[in-house]
There are 2 protein chains.
Amino acid sequence: MPGPEGNERSLASRLRLAVVRLNRRLRAQRTTASVTLTQYSALSTLKKCGPMTPGELAAKEVVQPPSMTRVIAALEEAGYVSRRPHPTDGRQSIVELTEAGLTLVLADISAREAWLDKRLAELSDAERGTLAEAAEIIDRMAGHTD
Amino acid sequence: MPGPEGNERSLASRLRLAVVRLNRRLRAQRTTASVTLTQYSALSTLKKCGPMTPGELAAKEVVQPPSMTRVIAALEEAGYVSRRPHPTDGRQSIVELTEAGLTLVLADISAREAWLDKRLAELSDAERGTLAEAAEIIDRMAGHTD
DNA sequence: TATTGTTATACTCTATAACTATA
DNA sequence: TATAGTTATAGAGTATAACAATA
């Protein structure tokens with residue numbers, strides 16, 4: 001039993017609307033951020049999983065290869081990732097975080113973060129715990145099991 | 001205590017990545033859907049709160065007026081909303097769901113929904129309960145307190 | 001011939017700035 | 001002059017299709 005709160009709509013519908021709306025707000029909070037949300041997501045995966053090819057990164061992020069091409073190009077331009085040749089396959093390359101990229105991911109502070117941190121600070125411990133569990137479940141659902 | 005799972009990253013960071021990634025997956029699941037996620041969100045608000053002006057709808061959805069102009073135009077074109085003159089102010093108009101729009105919101109079935117329903121069906125009851133609570137918290141955080 | 005990646009192109013979502021119409 | 005809304009324009013995010021290079 002999920003509880004008695006506003007159950008006219010299905011769980012799928014409610015979760016979907018919540019995610020769409022929070023995503024919208026998060027993307028709006030990027031006044032001083034040096035990378036976009038999409039770029040940050042790719043950097044996070046590189047931090048978590050280590051250097052990999054563009055194709056592998058596209059697969060982990062669940063986007064098509066052309067989309068990842070653009071993300072990597074922007075990050076390389078900004079100096080947050082670098083590429084080196086694949087040791088055995090001339091078609092591929094290995095993308096890895098630079099020191100600046102690692103610093104950025106570790107620092108993890110931005111206008112975006114500040115906005116969300118403030119919202120989270122207004123919640124109770126129990127609510128934050130629920131969100132922490134939900135984040136894990138959602139990321140797993142979105143195909144991020146690694 | 002949020003639990004021992006992967007706590008190197010802050011809650012804000014984990015929640016943000018989860019939302020960005022699920023949003024991406026949801027937007028990809030729209031093969032047979034007749035409206036976009038953004039349009040569906042606006043329809044849901046009209047269903048929940050009743051007829052209102054474009055400005056009110058923009059405020060409730062937390063987007064700028066020009067963004068809502070486009071959403072309303074698309075929904076009107078598709079026959080899911082209609083407009084009537086504001087009774088006292090010639091600048092404004094009242095946007096309301098048509099019968100087709102109401103049917104669409106109530107039906108609430110789409111390829112998107114099917115994909116998410118399938119993912120949700122793979123979870124445990126406890127996990128679904130967590131997501132239900134999280135959806136409520138997230139929507140509140142995103143400014144959807146009405 | 002199959003695979004990896006890129007380029008070309010297009011659509012959605014959203015914003016800011018400038019404009020129009022009405023108050 | 002202030003407000004509500006629209007039009008014009010631009011950038012982020014993503015996709016599919018076509019192409020190039022390598023296996």
Side-chain angles (χ1 to χ4, degrees), chain A residues 17 19-31 33-43 52-78 81 83-95 111-112 142-143, chain B residues 16-17 19-31 33-42 52-78 81 83-95 111-112 142-143:
Chain A
L17 288 172
V19 165
V20 165
R21 286 163 181 166
L22 183 55
N23 182 262
R24 188 187 282 157
R25 296 301 293 274
L26 290 175
R27 290 194 181 270
Q29 304 304 130
R30 41 187 220 75
T31 31
S34 56
V35 293
T36 67
L37 272 177
T38 298
Q39 290 162 12
Y40 188 89
S41 182
L43 288 179
M52 67 187 82
T53 68
E56 287 168 343
L57 191 49
K60 283 205 192 295
E61 286 286 307
V62 195
V63 298
Q64 294 301 306
S67 302
M68 191 47 68
T69 292
R70 287 182 50 146
V71 171
I72 293 171
L75 289 172
E76 193 175 22
E77 164 99 26
V81 304
R83 317 172 81 140
R84 52 185 159 82
H86 192 283
T88 62
D89 188 334
R91 296 170 302 183
Q92 304 183 55
S93 60
I94 307 291
V95 181
R112 229 166 1 225
Chain B
R16 191 168 53 138
L17 288 172
V19 165
V20 165
R21 286 162 181 166
L22 183 55
N23 182 261
R24 187 186 282 155
R25 296 300 293 274
L26 290 175
R27 291 196 181 268
Q29 306 303 130
R30 44 188 219 74
T31 31
S34 55
V35 293
T36 68
L37 273 176
T38 298
Q39 290 162 11
Y40 188 89
S41 182
M52 67 186 82
T53 68
E56 287 167 344
L57 191 48
K60 283 206 193 294
E61 287 286 307
V62 196
V63 297
Q64 293 302 305
S67 303
M68 191 48 68
T69 291
R70 290 186 47 148
V71 171
I72 293 171
L75 289 172
E76 192 176 23
E77 164 99 27
V81 305
R83 317 171 80 139
R84 52 185 160 80
H86 191 283
T88 63
D89 189 336
R91 297 170 301 183
Q92 304 182 55
S93 59
I94 306 291
V95 182
R112 227 164 4 224

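For the numbers below, each heavy atom of this structure counts, side chains included, while hydrogens, waters and symmetry mates do not. Throughout, a chain's letter reflects where its sequence line sits, starting with A, and its residues are numbered from 1.
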Are OP1 or OP2 of C:dG5 and a side-chain N or O of A:Gln92 less than 4.0 angstrom apart?
-> yes
Roughly how far apart are B:Arg83 CZ and B:Gln92 CD, rounded to 0.5 Å?
-> 11.5 Å
Using whole Å, report how far CD of A:Glu56 lies from C1' of C:dT3.
-> 14 Å
Report yes if a side-chain nitrogen or oxygen of B:Ser93 is closer than 4.0 Å to either non-bridging phosphate oxygen (OP1 or OP2) of D:dA4; otherwise report no.
-> no
Of the listed D:dT6, C:dG5, D:dA15, the closest approach to the A:Val63 side chain comes from D:dA15
Within the structure shown, what part of the strands sits under 4.0 Å from B:Thr38 by heavy-atom distance: base, sugar-phosphate, or nothing?
-> sugar-phosphate
Spatial distance of atom NZ (A:Lys60) from atom CZ (B:Arg21) [nearest 0.5 Å] = 11.0 Å
Please report, rounded to the nearest Å, how far the C1' atom of D:dA12 is from the OH atom of A:Tyr40.
-> 19 Å
Per B:Thr53 side chain, nearest of listed nucleotides C:dA15, D:dG5, D:dA12 = D:dG5
Quick one: does B:Thr69's side chain have a donor or acceptor within less than 3.5 Å of a partner on B:Pro65's backbone?
-> yes
Separation of D:dG13 C1' from B:Arg27 CZ (nearest whole Å) = 10 Å
D:dA12 C1' sits how many Å from A:Asn23 CG, rounded?
-> 11 Å
Assert: residue with more 5' nearest nucleotide on DNA chain C, out of A:Arg91 and A:Arg70, is A:Arg91
Nucleotide of D:dT6, D:dT14, C:dT6 approaching B:Pro54 most closely (side-chain heavy atoms) | D:dT6
Rounded to whole angstroms, how far apart are CG on A:Leu22 and P on C:dT14?
-> 13 Å
Just call it for B:Pro65: base, sugar-phosphate, or nothing, with non-hydrogen atoms closer than 4.0 Å on any strand.
-> base
Whole-Å distance, A:Ile72 CD1 to D:dG13 C1', equals 15 Å
Taken to the nearest whole Å, CE/A:Met52 to C1'/C:dG5 is 16 Å
Phosphate-side-chain proximity, A:Thr69 and C:dT6, N/O vs OP1/OP2 below 4.0 Å = yes
CG of B:Leu22 to CZ of B:Arg25: how many Å apart, nearest 0.5 Å?
-> 8.5 Å
Nearest-nucleotide 5' precedence on DNA chain C, B:Asp89 against B:Gln64 = B:Gln64
Value for CE (A:Met68) from CG (A:Leu57), rounded to nearest 0.5 Å, stands at 4.0 Å
Between C:dT16, D:dT16, C:dG5, which nucleotide has the shortest distance from any of its atoms to the side chain of A:Pro66?
-> D:dT16
Between D:dT16 (C1') and A:Met68 (CE): distance, integer Å = 17 Å
Any A:Arg24 side-chain nitrogen or oxygen under 4.0 Å from OP1 or OP2 of D:dG13 = no
